[in-house]
Structures are given as C-alpha cells and as structure tokens.
Amino acid sequence: MYDYDLLVVGSANADLVVGVERRPGAGETVLGGDLAVHPGGKGANQAVAAARLGARTALLARVGDDGHGRLLRDSLRSAGVDTAAVLSGGAPTGVALITVDPSGDNSIVVSPGANARLTEGDVRAELLGAARVVSAQLEIPLETVAAVVRALPEGTRFVLNPSPPRPLPDEVLAACDPLVVNEHEARVLLGDGETGESGETGDDSAGWARRLLALGPRSVVVTLGAKGALVCDASGVRAVPSVAVAAVDTTGAGDAFTAALAWRLGASEELPVAATYAARVGAAAVTRRGAQESYPTAAEVAALDA
C-alpha cells in the first residue's frame, strides 16, 4: 500500500567546518585548519539515518542548483534515500558555517538558502499519502510544516522534532504523534518560567513530558542523552534506558534517534519499544565522528547487544 516507510520533510545543508585554536572575537581574524565539507541538515540527516537502518525512505527538501546541492543528492542516494522529491532552485543550497576549537566547542552560523524556499506549494498530498510516517523539523518554514499537517492523509502518522524550537500552532501540536524534544527544546516550548533556565526547579523531566502532552500532541518523547529518554501518552510516562557507550561525537545523534523512532512506529511498534530501539541507534551514532557518516546499519545496532 505504501511506497515508503518514512517520508522526511525538512532541511538539507552543506556543513562547512574549520578547526581553530580559538574562536575569533569581534573584528578579529584567526587562522584555522583545512576546510571540511560534509552533507548535513536535520532533514537530510534523518533521511540518511533511516535509510541506513533499512527503511524505505524519501526526502522532500529544496537545494540549490550548485555543487553543495549535488553533494547532498549524492550522499542521500548513496545511503538509499529516494531523492525524487529533492527540489532544486530558488536560492543557493543552505550552508552551516562551523568553527570548532580544540575542546570541541563550536560556533555556527546558518544560511538557510534554499531551505527557506521550501513552500506550501511544494507539499503534495500524493507524496504524503505514499508514506506510513511523515517526519518533520523546523529548519524549514513553519508554514510549510503546517501545510504538511493539513494535507496529511488519514492513517499517516506525523512525527515532529521542533528544532530549532519555537512556539507551535495548535493544529501542528495536535498532529504530533509523537512530539520529540530534547531538554532545551522542552524548556523553550514550555517557557523558561515553567522549568527555569537550567531546567531545575524541583520538577523533573517526567513533569516536563506531562506538561508538553497537555499542550495538545498525541504523545511526547523527551530525549535525555546518555540517560535515555522518556515517553509520555495518555497511559502515563515511562523511562527508556540508553546503552552505555564511549561517546566520541554527539553531532546528529538526535536526528538518528528521531529517524529510528519514526521508522519503528511505522512498523506498528508501541511507543516505548520504538523509543528503546531509537535510543540504541543514537548510542551507536555517538561512537563515531560526524553526523551522516556516523549513522549505523541495523546490524551495527544489533551488535550493541553482543
């Protein structure tokens, strides 16, 4: 019945990374290492992560008609992602300019480029209807995400990671099953007055999950890094354990988690079971450097049990 296990609607960026001894101050020039260019963007990351696991995956995105756009298409295709809905034109490919110091701290400037030109008119009901699950993020216009929700066919599940976080309209919140947030995103959606700047006001993460559910989504997942995750729906809050690994680089691990979660939900797994698998995928991803290049296959995730 479905052509795809997962359709990702989201961003595709080229990540331009330079290592520096220290990040420059205002008006200052510093010398850096060699420029490294990597395929990135939360949408492309999720699509690659799901395809590596074996999901039949497509991406609806927009890139420029330029070298960075070709880099992204090649990366997606090599992972097995259907790129028929990766559109071209309107602006240069989105770019993230990243400086990284020896401690791993980074500074990032994002030029959305073509991502900002993925519009409501690019959302086609027949494409959405070809997927068991549709996953989105907020590196594309919120209006486009809302258009996805309005065009979502009956029976197609919608998963949203609101990153970068911002207030969400009721119609988007009501469609989320689940809404997937990390601790920072939870604080933004709830308002700093709800949890405090540090997230510690005597209320725990389970309380965040319950209050997020009260905003209107059908279910909520709060990711907690090495501590695993919490899942919350009408039946209550449950903890999902992580796997102890030697973390090397956490870049893109959240995208891997969300992609795996969406795929397994489309395979009719219950939310806690799907989240447990997603936590294992995220754990495998942090054992290697980079984002898309770190994403594991299903066999590599299974090897964590060995």
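As the structure is a computational prediction, the values presented were derived from the model and not from experiment.
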- Item | Polar side-chain atom of Asn13 near backbone of Pro112 as donor-acceptor pair, under 3.5 Å | no
- Checking Arg62 side chain against Asp122 main chain: does a donor-acceptor pair fall under 3.5 Å? no
Sequence neighbours excluded and cut-off under 3.5 Å, please list the side-chain donor-acceptor pairs for residues 217-233, or say none.
{"residue": "Arg218", "atom": "NE", "partner": "Ala174", "partner atom": "O", "Å": "3.3"}
{"residue": "Ser219", "atom": "OG", "partner": "Asp177", "partner atom": "OD1", "Å": "2.7"}
{"residue": "Thr223", "atom": "OG1", "partner": "Val181", "partner atom": "O", "Å": "3.4"}
{"residue": "Asp233", "atom": "OD1", "partner": "Ser235", "partner atom": "N", "Å": "2.9"}
{"residue": "Asp233", "atom": "OD1", "partner": "Ser235", "partner atom": "OG", "Å": "2.5"}
{"residue": "Asp233", "atom": "OD1", "partner": "Arg238", "partner atom": "NH2", "Å": "2.9"}
{"residue": "Asp233", "atom": "OD2", "partner": "Arg238", "partner atom": "NH2", "Å": "3.2"}

- Item | Of Val180, Thr276, Val281, the residue whose pairing with Leu261 passes side chain to side chain contact (heavy atoms under 4.5 Å, CB included) | Val180
- Item | side chain to side chain donor-acceptor pair (under 3.5 Å) against Glu171, all qualifying residues, sequence neighbours excluded | Arg150
- When Ile, Leu, Val, Met, Phe, Trp and Tyr are grouped by side-chain heavy atoms lying under 4.5 Å apart, directly or through other members, which residues fall in the same group as Val273? none
- Message: Test of understanding: with side-chain contact (heavy atoms from CB on, under 4.5 Å), list the residues that count as partners of Pro141, not counting sequence neighbours.
- Response: Glu143, Thr144
- Message: Leu118 vs Val9, test: side-chain contact (heavy atoms from CB on, under 4.5 Å). Steps then yes/no.
- Response: CA-CA 9 Å; Leu118 188 69; Val9 182; 4.2 Å; yes
Could you go through residues 123-135 and list every donor-acceptor pair under 3.5 Å that involves a side-chain atom there, pairing it with any protein atom two or more places apart or in another chain?
{"residue": "Arg124", "atom": "NE", "partner": "Glu126", "partner atom": "OE2", "Å": "3.2"}
{"residue": "Ser135", "atom": "OG", "partner": "Gln46", "partner atom": "OE1", "Å": "2.6"}

Which donor-acceptor pairs under 3.5 Å do the side chains of residues 81-96 make with protein atoms, sequence neighbours left out?
{"residue": "Asp82", "atom": "OD1", "partner": "Ala84", "partner atom": "N", "Å": "2.9"}
{"residue": "Asp82", "atom": "OD2", "partner": "Tyr4", "partner atom": "OH", "Å": "2.9"}
{"residue": "Thr83", "atom": "OG1", "partner": "Arg77", "partner atom": "NE", "Å": "3.2"}
{"residue": "Ser88", "atom": "OG", "partner": "Arg73", "partner atom": "NH2", "Å": "2.6"}
{"residue": "Thr93", "atom": "OG1", "partner": "Gly64", "partner atom": "N", "Å": "2.8"}
{"residue": "Thr93", "atom": "OG1", "partner": "Asp66", "partner atom": "OD1", "Å": "2.6"}
{"residue": "Thr93", "atom": "OG1", "partner": "Asp66", "partner atom": "OD2", "Å": "3.4"}
{"residue": "Thr93", "atom": "OG1", "partner": "Gly69", "partner atom": "N", "Å": "3.2"}

- Rounded to the nearest 0.5 Å, what's the gap from CD on Glu139 to CG on Asn161? Could you check? 9.0 Å
- Item | Glu21 atom CD, over 12 foreign heavy atoms within 6.0 Å | no
- Message: Whether Asp101 and Arg22 form a salt bridge (side-chain N of Lys/Arg under 4.0 Å from carboxylate O of Asp/Glu) is what I want to check.
- Response: no
